[in-house]
A.B. asks: 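Questions regarding the structure given below will be posed in turn.
Quantities reported herein were computed from a predicted structural model and do not represent experimental measurements.
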Amino acid sequence: MKEPFELEWMGGPAEHHFRKARPGVDEMPWGTLDPSKFAPAAVDRARGSWTEVAINEYRAVASFSEVLRALVDVKAPLDLLGMTSDFLADEVHHVELASRMAMALGGAAPRTIDLDRFAARPRGLTRLQRANELVLRVSCVAEAFSGGTATVSYDATTHELPRAVYEKILRDESLHRRLGGLYFEWAFERIDEAELARLGRVLASSLGALAPFWKNERPPAPPDDELRALGWLETATFARVAREVALRDVVEPLATIGIALTEVERDALGL
């Protein structure tokens, strides 16, 4: 069942503990962005985009929760569990940053979410298969894609506030992407050819959800300079970037360890 995407902040001891773990938010250049100085269409698009970032980062909290449990179940190395558990606070931090960006632009755009279908929860698999699939979907695909595309958006952003937000998020995302390589380095000797083939199909399914970004199936964007100032690329440019990132940061690295798309799958995905 879909429900409005809304966030709540408790304050007090919870905020104090969280700020100790993730400091520096209040020192960011909040209040420097005046929405009235930008075209209304660009502001509306940026509000919607930053709201969607907040939703995606909230989804990442749920996704890494599933990953962490799967790693516990498969008895992954203890330090890898510790590294992954730290990502949960990262993602909560990213939700706060993205939602505050939306508020700086005049308020979050109305969006709904279905929490029952919010994060991948594979069923009917062995513990190892479940861990393999979740790490692949979350770290090797979702985090690699979002981090790669956000890096290009960051480079193009001209206003200091969205640049500061991107900088904090990207610093964490580099570790989130690295988890996949570290996990499969540990798990690889436990994975047979049949499982590699299955993971190739999981890869195709995961990329299928992202394909509209590079197939240019998104609404047209407002003028370039206005949108870039607020942290976003125009549709045609983002489509090119998204395809390049999908190939360079997702498909090609995974192919080196035997998790590969078939030619038919690549054609269907436009890769």
A.B. asks: When you measure from the centre of the six-membered ring of Trp30, is the NZ or CZ of Arg100 under 6.0 Å away and within 45° of the axis?
C.D. replies: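 Yes, cation above the ring, under 6.0 Å and within 45°.
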
A.B. asks: Drop me the distance from Leu271's CG to Glu263's CD, to the nearest 0.5 angstrom.
C.D. replies: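 Between atom CG of Leu271 and atom CD of Glu263 there are 11.0 Å.
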
A.B. asks: If hydrophobic clusters are built by linking Ile, Leu, Val, Met, Phe, Trp and Tyr wherever their side-chain heavy atoms come under 4.5 Å apart, do Leu125 and Leu68 end up in the same one?
C.D. replies: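 Looking at the clustering, Leu68 is in a separate group from Leu125.
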
A.B. asks: Looking only at side chains, do Ser206 and Arg137 share a donor and an acceptor under 3.5 Å apart?
C.D. replies: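 The answer is yes; a qualifying pair exists.
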
A.B. asks: Whether Arg198 and Glu195 form a salt bridge (side-chain N of Lys/Arg under 4.0 Å from carboxylate O of Asp/Glu) is what I want to check.
C.D. replies: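 Counted as a salt bridge, because a side-chain N and a carboxylate O are separated by less than 4.0 Å.
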
A.B. asks: In this structure, would Phe188 and Val67 fall into the same cluster of hydrophobic residues linked by side-chain contacts under 4.5 Å?
C.D. replies: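 Yes; Val67 is reachable from Phe188 via cluster members.
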
A.B. asks: Quick one: pull up CG in Leu33 and CG in Leu161 and give me the separation to the nearest 0.5 Å.
C.D. replies: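 Between atom CG of Leu33 and atom CG of Leu161 there are 6.0 Å.
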
A.B. asks: Ignoring hydrogens and angles, state whether a donor on the side chain of His93 or Asp172 is under 3.5 Å from an acceptor on the partner side chain.
C.D. replies: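 The criterion, which ignores hydrogens and geometry beyond distance, is not satisfied for Asp172 and His93.
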
A.B. asks: Step by step, would you call Tyr166 with Trp50 a ring-ring contact (aromatic ring centres under 6.0 Å, His included)?
C.D. replies: CA-CA 11 Å; Tyr166 270 130; Trp50 282 111; 5.3 Å; yes

A.B. asks: Whether the side chain of Ser139 engages the backbone of Val135 through a donor-acceptor N/O pair (distance < 3.5 Å, no angle test) should be reported.
C.D. replies: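 Not at all, since once roles are kept as given, no pair shorter than 3.5 Å links the two residues.
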
A.B. asks: How many angstroms lie between CZ in Arg266 and CG in Leu269, if you round to the nearest 0.5 Å?
C.D. replies: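 Rounded to the nearest 0.5 Å, the CZ-CG separation comes out at 9.5 Å.
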
A.B. asks: Could you tell me whether His176 and Phe64 have their ring centroids closer than 6.0 angstrom?
C.D. replies: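 Between His176 and Phe64, the centre distance is under 6.0 Å.
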
A.B. asks: Please check if the number of heavy atoms outside Arg22 that lie under 6.0 Å from its CZ is greater than 12.
C.D. replies: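 Atom CZ in Arg22 is crowded, with more than 12 foreign heavy atoms closer than 6.0 Å.
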
A.B. asks: Would you confirm whether Arg177, through its side chain, and Cys140, through its main-chain N or O, come within 3.5 Å as a donor-acceptor pair?
C.D. replies: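 Between the backbone of Cys140 and the side chain of Arg177 there is no qualifying donor-acceptor contact (under 3.5 Å).
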
A.B. asks: Using 4.0 Å as the upper bound for N to carboxylate O, is an ion pair formed by Glu96 and Arg19?
C.D. replies: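 A salt bridge links Arg19 with Glu96.
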
A.B. asks: If the threshold is 4.0 Å, N to carboxylate O, is there a salt bridge linking Glu66 and Arg130?
C.D. replies: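 So Glu66 pairs with Arg130 through a salt bridge.
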
A.B. asks: Could you check whether any side-chain N or O of Thr51 sits under 3.5 Å from a backbone N or O of Ala109, counting only pairs where one atom can act as donor and the other as acceptor?
C.D. replies: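 Side chain of Thr51 to backbone of Ala109: a pair is present.
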
A.B. asks: Examine Arg111 relative to Phe5 and say whether NZ or CZ is less than 6.0 Å from the centre of the six-membered ring and inside a 45° cone about the ring axis.
C.D. replies: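 Geometry flag: not set, cation outside 6.0 Å or 45°.
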
A.B. asks: Ignoring hydrogens and angles, tell me if any N or O in the side chain of Arg163 forms a donor-acceptor pair with the backbone of Thr157 under 3.5 Å.
C.D. replies: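 Checked: pair present.
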
A.B. asks: Can you measure from CG (Leu81) to CZ (Arg69) and round to the nearest 0.5 angstrom?
C.D. replies: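 Between atom CG of Leu81 and atom CZ of Arg69 there are 11.5 Å.
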
A.B. asks: Mind checking side-chain hydrogen bond (donor to acceptor under 3.5 Å, both in side chains) for Thr149 and listing every partner two or more places apart, or none if nothing turns up?
C.D. replies: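 Thr149 satisfies side-chain hydrogen bond (donor to acceptor under 3.5 Å, both in side chains) with no other residue.
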
A.B. asks: Find the distance between CD (Glu57) and CD1 (Ile169) and round it off to the nearest 0.5 Å.
C.D. replies: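 Reported value, rounded in 0.5 Å steps: 5.0 Å.
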
A.B. asks: Hydrophobic clusters here meaning ILVMFWY residues chained together by side-chain heavy-atom distances under 4.5 Å, can you tell me if Phe145 and Val61 are in one?
C.D. replies: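 The answer is no; the residues belong to distinct hydrophobic clusters.
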
A.B. asks: Does Arg127 use its side chain to pair, donor to acceptor, with the backbone of Val74 at less than 3.5 Å?
C.D. replies: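 Between the backbone of Val74 and the side chain of Arg127 there is no qualifying donor-acceptor contact (under 3.5 Å).
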
